[in-house]
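Worksheet for the structure shown next.
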Amino acid sequence: MPFTTFGFAPALINELANQNYSQPYPIQQQAIPAILNRKDVLGIAPTGSGKTASYVLPILTNLQGNTESKNRHVNVLVLVPTRELALQVREVFRVFSSVLPERVKSLPVYGGVSINPQMKALQGVNVLVATPGRLLELVESNAVHLSNIETLVLDEADKMLNLGFKEEMNHIFEFLPKKRQNLLFSATLSEDVDNINQMLLHNPLVIKIEEKSDNLDLINQFAYSVSDENKGPLLRYLIKSKELKQLLVFTSSVYKADNVADKLRKNGIDAVAIHSKKSQGARTDALGRFKSGKLKVLVATDLLSRGIDIEFLPCVINYELPRSPKDYVHRIGRTGRAENPGEAISFITEEDQYHFKIIQKKMGKRATKIDSSEIDLKGY
Ligand code: AMP
């Protein structure tokens, strides 16, 4: 099924080709016609499956002929759990809107930055991509009105409910009109997501895209057994010997992320840490530089393990293992995306052995074992 079957504007079809979208992904094949028909959708789909475009393209199409600015009344509200995801989703709206006969104005809003510029920018916005807390602040100060919302999207709904956004979400629902289209996307179907589904969705089309095992097949996984004190030298050895151009390193704590990035810099390797204690400006700047290939190593906490899309990222290293197998899959899923192969390396200490066995069992895949004591780390 090609993209031309959806009745999209010719300019949009061209832009899809420019962006190397040759065929709709499975979630897009199912979601796009339903959303164009104003149906509710529940999409259970892993990140990397193309779910963003599955709602952005039909929403932009449905808005054609309906983009006249209505004084701070937005048409479409997309709720996301993190600022990074707000920026990323908005970028997809911006790119595809820019070629349409009628431009659709979109705006990302999130906390941690000054509210005034966002208040000013809200004039004439059609699509608002927001994190819940900042959205409520804007609604309560009358900077935006939600009573004309035609379509509500909850992206990464499982994450939003996990993070304890529940109260804020319930508050937001009170401002929305009863009659609207609801689109709910989640990587996993938890009890919370199911409750929200029952509460929000009317006769939805339910789409279930399994975590493709061949998605994981695109990722070569390696497990280096290593002692705690040799992790730093091993990391530097890998960066230098593999000539990695771009590398995402995951740690389990903010402290460790800073610590690893500091040590890399002291050793002449361009690295920046990104985590919840950094200012929004610093986070956006680091991610932007990393995505464009100007920054070599990004050291991150699990803040970056979900949803964030980095084109052609060749390698992810788990400097420390995440606690849950699910987070492991999310982390390594930052590579091997959109059908490009990638490499995921995990540092396994003696204490991690058992936990890593469980991770591999849950994932249904085994990483290739490498004993780092056989590597000469002197000088690294
Ligand atoms: P998402 O799951 O929305 O984060 O998308 C994952 C990646 O797949 C992004 O880099 C998209 O640009 C890319 N993508 C989405 N749909 C397609 C498609 N039909 N063909 C090729 N790439 C796509």
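We're numbering straight along the sequence, starting at 1. Atoms within a ligand are numbered from 1 in the order they appear, just like the ligands themselves.
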I'd like to check the salt bridge (charged side-chain N to carboxylate O under 4.0 Å, His left out) partners of E137; sequence neighbours left out, ordered by chain and number. R134

Under 4.0 Å, heavy atoms only, figure out whether ligand 1 is touched by the backbone of N20, its side chain, both or neither. backbone

Taking non-hydrogen atoms only, is F3 closer than 4.0 angstrom to ligand 1 via side chain, backbone, both or neither? side chain

Does R289 pair with D285 as a salt bridge, N-O distance under 4.0 Å? yes

Which atoms of ligand 1 are found less than 4.0 Å from any heavy atom of T52? 1 (P), 3 (O), 4 (O)

Test applied, side chain to side chain contact (heavy atoms under 4.5 Å, CB included); reference residue, F222; option that passes from I348, I370, I317: I370

Heavy-atom nearest neighbour of atom 14 (N) of ligand 1 within options Y21, F185, Y55: Y21

Considering residues at least two apart in sequence or located in another chain, which fulfil the side chain to side chain contact (heavy atoms under 4.5 Å, CB included) criterion with T4? P2, I13

Answer yes or no: does an N/O atom from Q23 fall short of 3.5 Å to an N/O atom of ligand 1? yes

Quick one: are the ring centres of F8 and F96 less than 6.0 Å apart? no

Geometric N/O contact P24 with ligand 1, under 3.5 angstrom: no

